[in-house]
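Data first, discussion second: the structure below is written as structure tokens.
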Amino acid sequence: MDHFLFNFFALLTVICALGTVLNRNAVNAAMCFLLSLVGVAGLFVLLEAYLLAFVLLLVYTGAVVALFLFIIMLLDMQGGRKKRFKPVTLFASTIAAALLAVGVLTIHQQPKFAGGAVASGPLLKDYAYLLFSTYLLPVQIIGFLLLIAMLGVIVLSKKHEGLEDIK
Amino acid sequence: MIAPLHTYIVLSALLFAIGFFGVLLRKNTLVIFMGLELMLVASTLALAAFSRYNGTIDGDVFVFFILTVAAAEVAVGLAIIVALFRRRQTIEVDELDALKN
């Protein structure tokens, strides 16, 4: 049963990720992105990281994809015209594909990674304990980062008068 | 019995590759942004799988931080895209070449 679920969520994730990247329509791409994230959340559940699955659904599909859809709606883009790729892009993507293939093959043949899992996934209490002891400073920094991001967004979305355009 | 670790790692590498090629080959800034998010999610999947199979929780905590940073990044990035669109009326990367010459 677990294997079936893993295959199902893995296929959902990969197919919808491909849909995100290949879709000409930005709204369809955002919807595929949402489904792909649901697949990843399912994989987190299979890894018994229930809290992470919940947070992923809440933050990504709740906030991030909604924000994407708002922006797509706001900008009112026309469907993209089909354009030829530049030779340098094709060259770069060939090299990247070769490197990624080598990396995946190396991981696949690494005997260290073939082992099974340990007893059970983490509990909520473990997260809380670690976040407020070992990782207290990163939590503070992340809070500050969110504050700065909020201020930055407010400044960026103001109208700037008398700012000349670069031509 | 859950799937062995390397299936998760290969899946995460595949997801990362899809996002990477989205960033490399697409011209629409919003879709490029979605590709970036896909890459971040792929890395979180790998971290969660590693921490599950090693019996530690630090990887899961890092996933937490990555999610937070991704949320902040999306907010700022989309604000930049909106400001760009207001000023230039386009978000196609090929047409944004003000610094080229």
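Naming convention: chains lettered A, B, ... in sequence-line order (proteins, then strands); numbering from 1 in each chain. All values derive from a computational prediction rather than experimental measurement.
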- Query: Heavy atoms, side chains only, cut-off 4.5 Å: are A/Tyr127 and B/Phe64 in contact?
  - Reply: yes
- Query: Does any non-hydrogen side-chain atom of B/Thr68 lie less than 4.5 Å from one of A/Leu145?
  - Reply: no
- Item | Contact origin within B/Leu15 toward chain A - heavy atom pairs under 4.5 Å | side chain
Residues 62-71 of chain A side chain polar contacts: donor-acceptor under 3.5 Å, at least two apart:
none

- Note on the structure: Answer key: most heavy-atom pairs under 4.5 Å with chain A among B/Val10, B/Leu30, B/Ile80 is B/Leu30
- Message: Which atoms of A/Asn7 are under 4.5 Å from chain B, going by heavy atoms: the side chain, the backbone, both sets, or neither?
- Response: neither
- Query: Between A/Val45 and A/Leu57, is there a shared hydrophobic cluster once you connect ILVMFWY residues whose side-chain heavy atoms come closer than 4.5 Å?
  - Reply: no
- Proximal component of B/Phe85, with respect to chain A [non-hydrogen, under 4.5 Å]: side chain
- Closest approach of A/Val21 and B/Gly22, non-hydrogen atoms and distance? CG1-CA, 3.5 Å
- Looking only at heavy atoms, which two atoms of B/Arg86 and A/Lys158 are closest? And how far apart? NH1-O, 3.8 Å
- Between atom OG1 of A/Thr20 and atom CD1 of B/Ile18, what is the distance when rounded to the nearest 0.5 Å? 8.5 Å
- Task: Indicate if B/Phe65 and B/Leu67 have the same hydrophobic cluster label, given that clusters are the connected sets of ILVMFWY residues with side-chain heavy-atom separations under 4.5 angstrom.
- Result: yes
- Query: Do you reckon A/Leu131 sits in the same ILVMFWY cluster as A/Leu124, going by side-chain contacts under 4.5 Å, direct or chained?
  - Reply: yes
- Query: B/Ser12 versus chain A, heavy atoms under 4.5 Å apart: side chain, backbone, both or neither?
  - Reply: neither
- Item | Portion of A/Val14 that has a non-hydrogen atom of chain B nearer than 4.5 angstrom | both
- Contact part of B/Leu14 toward chain A, heavy-atom cut-off under 4.5 Å: side chain, backbone, both or neither? side chain
- Item | Straight-line distance of A/Phe6 CZ to B/Tyr8 OH, nearest 0.5 Å | 5.0 Å
- Message: To the nearest 0.5 Å, what is the distance between CG on A/Leu52 and OG1 on B/Thr44?
- Response: 8.0 Å
- Enter the distance from B/Leu78:CG to A/Ser157:OG here, rounded to the nearest 0.5 Å. 11.5 Å
- Per-residue contact mode, B/Val76 against chain A (heavy atom under 4.5 angstrom): both
- Task: Select one option (side chain, backbone, both, neither) describing which atoms of B/Glu73 are under 4.5 Å from chain A's heavy atoms.
- Result: neither
- Quick one: what part of B/Leu47 sits under 4.5 Å from any heavy atom of chain A, side chain, backbone, both or neither? neither
- Task: Please look at B/Phe33 and chain A and tell me whether the side chain, the backbone, both or neither of the residue comes under 4.5 angstrom of a heavy atom of that chain.
- Result: both
- If you tally heavy-atom pairs under 4.5 Å against chain A, which of B/Val69, B/Ile32, B/Ile81, B/Val63 wins? B/Val63
- Check whether A/Leu146 and A/Leu156 end up in the same hydrophobic cluster, where Ile, Leu, Val, Met, Phe, Trp and Tyr are linked by side-chain heavy atoms less than 4.5 Å apart. no
- Item | Over 12 foreign heavy atoms within 6.0 Å of CZ, B/Phe20 | no
- Of all the residues in residues 34-44 of chain A, which have a heavy atom that comes within less than 4.5 Å of a heavy atom in chain B? A/Ser36, A/Leu37, A/Val40, A/Leu43, A/Phe44
- So which part of B/Leu24 gets closer than 4.5 Å to some heavy atom of chain A, the side chain, the backbone, both or neither? both
- At what distance, to the nearest 0.5 angstrom, does CG of A/Leu100 lie from CZ of B/Phe16? 7.0 Å
- Task: Write down the atom of A/Ile72, the atom of B/Met34, and the distance for their closest heavy-atom approach.
- Result: CD1-CE, 4.3 Å
- Pick from A/Ala49, A/Ala26, A/Pro138: which one has the most heavy-atom pairs with chain B under 4.5 Å? A/Pro138
- Task: Spell out, yes or no, whether A/Val139 and A/Ile148 are grouped together once hydrophobic residues are joined by side-chain heavy atoms under 4.5 Å, including indirect joins.
- Result: no
- Message: Within this structure, what is the CG-OG1 distance for the pair B/Asp58 and A/Thr134, rounded to the nearest 0.5 Å?
- Response: 7.0 Å
- Message: Heavy-atom pairs under 4.5 Å with chain B: which of A/Ala97, A/Gly152, A/Gly103 has the most?
- Response: A/Ala97
- Report the option among A/Leu75, A/Ile154, A/Val55, A/Val155 that has the most heavy-atom pairs separated by less than 4.5 Å from atoms of chain B. A/Leu75
- Message: Using heavy-atom distances under 4.5 Å, tell me whether B/Ile91 contacts chain A through its side chain, its backbone, both, or neither.
- Response: side chain
- Query: Considering only heavy atoms, which portion of A/Leu51 lies under 4.5 Å from any heavy atom of chain B: side chain, backbone, both, or neither?
  - Reply: side chain
- Task: Under the side-chain contact (heavy atoms from CB on, under 4.5 Å) rule, what do A/Leu18 and B/Phe21 come out as? Steps first, then yes or no, please.
- Result: CA-CA 10 Å; A/Leu18 279 174; B/Phe21 281 106; over 6 Å; no
